[in-house]
2 protein chains.
Amino acid sequence: MNSKKKLRKAGLRATKQRIVVADILFNGQHRHFTAEDLQSEIIKIGKHMSLATIYNCLKSFRDLGVIKQVESLSETAVFDTNVEYHHHFMNEETGELIDIKPSEINLSKLPKIPEGYSQSGLDVIIKLRKNS
Amino acid sequence: MNSKKKLRKAGLRATKQRIVVADILFNGQHRHFTAEDLQSEIIKIGKHMSLATIYNCLKSFRDLGVIKQVESLSETAVFDTNVEYHHHFMNEETGELIDIKPSEINLSKLPKIPEGYSQSGLDVIIKLRKNS
DNA sequence: AAGTAGTTTAGAATGATTTTAAAGTAATTT
DNA sequence: AAATTACTTTAAAATCATTCTAAACTACTT
Ligand SMILES: [Mn+2]
Ligand SMILES: [Mn+2]
Ligand SMILES: [Zn+2]
Ligand SMILES: [Zn+2]
């Protein structure tokens, strides 16, 4: 099934722009990318698309669930007076952080570190929602 | 020891502004805050300080190691074609992400979820540096 | 007290993202 | 197939966090 059909099936209009983006993204290989990464790629294949459109498109794809947006704690810099190594609970609605002592978490199995690299940090973020 | 002495000992000039910030931050209780949070608090106690100064001050405190800046993956939105639940390696120099399958990580001990909340997500980020 | 280097600040600049509003187009209805 | 309509795209402006600039200021040294 081509991108055009998939878009229609998902309830999105099959615009030229969405088809270009879908054709680039859904080629079978997974990837991490920014809106600008995508725009560069689009320019490389001789096409043009405004950044606003790319953001619109990525957000509708994300809302559809066919891509996801990597979680970033916050758009703004957050500082912490606790300088000990520790992890965080994050209230998803408010962004509020609560400390977790490393002793409260146990990672009994860790993945193999890629060749040529070594681990320089570990962050665990447990996201919370208020009970309904 | 007062803030003035502590700043001097750390090799920073004991400016009026740094003393105000230190007096607010180092009162014994830990906290998470943004530059603007701090500015609001400063305004509340009848003082004035430019945001540029607050950023300067927080960055020098951070570089000293007396506060830390909470890690955020990236300042720009990153999208991922892998919509399955998974974790990430992150190259600290480049920001590049590599997927980690949940089966490669085992959290055998998790902290107690705060009263009235439930867990809505879990993110593990393992930071990497190239071997020297 | 004078000198010097580090610091503060208003305001401009930057970079990512969103908004505006006008023009364009996909899907639907005649 | 043309008309209709709602959704989409886009350039440009706006917004927001953060950094930069350059001039005024001030903490510490001599
Ligand atoms: Mn990128
Ligand atoms: Mn805040
Ligand atoms: Zn913390
Ligand atoms: Zn991923």
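We name chains A, B, ... by the order of the sequence lines, and we start the count at 1 in each one.
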Starting at atom [atom1] of [X], determine the distance to atom [atom2] of [N], rounded to an integer number of angstrom.
X	N	atom1	atom2	result
B:Phe61	C:dT7	CZ	P	11 Å
B:Leu51	D:dA17	CG	P	9 Å
A:Gln39	D:dA11	CD	P	10 Å
B:His48	C:dT9	NE2	C1'	8 Å
A:Lys5	C:dA27	NZ	P	13 Å
B:Arg8	C:dT7	CZ	P	13 Å
B:Lys47	C:dT9	NZ	C1'	18 Å
B:Ile54	C:dT8	CD1	P	11 Å

Checklist outcome for this item: Whether each nucleotide of nucleotides 3-8 of chain D has a protein heavy atom under 4.0 Å at its base (B), only at its sugar-phosphate (S) or at neither (-) is summarised, 5' to 3', as ---BBS

Checklist entry - Considering only C:dT9, D:dT19, D:dT26, which nucleotide approaches the side chain of B:Lys59 most closely? => result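 Looking only at heavy atoms from C-beta outward on B:Lys59, the closest nucleotide is D:dT19.
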
Item to check | Stretch residues 63-78 of chain A: residues that reach within less than 4.0 Å of DNA chain D through a heavy atom | outcome: A:Thr76, A:Ala77

Checklist entry - Looking only at side chains, do B:Asp99 and B:His88 share a donor and an acceptor under 3.5 Å apart? => result yes

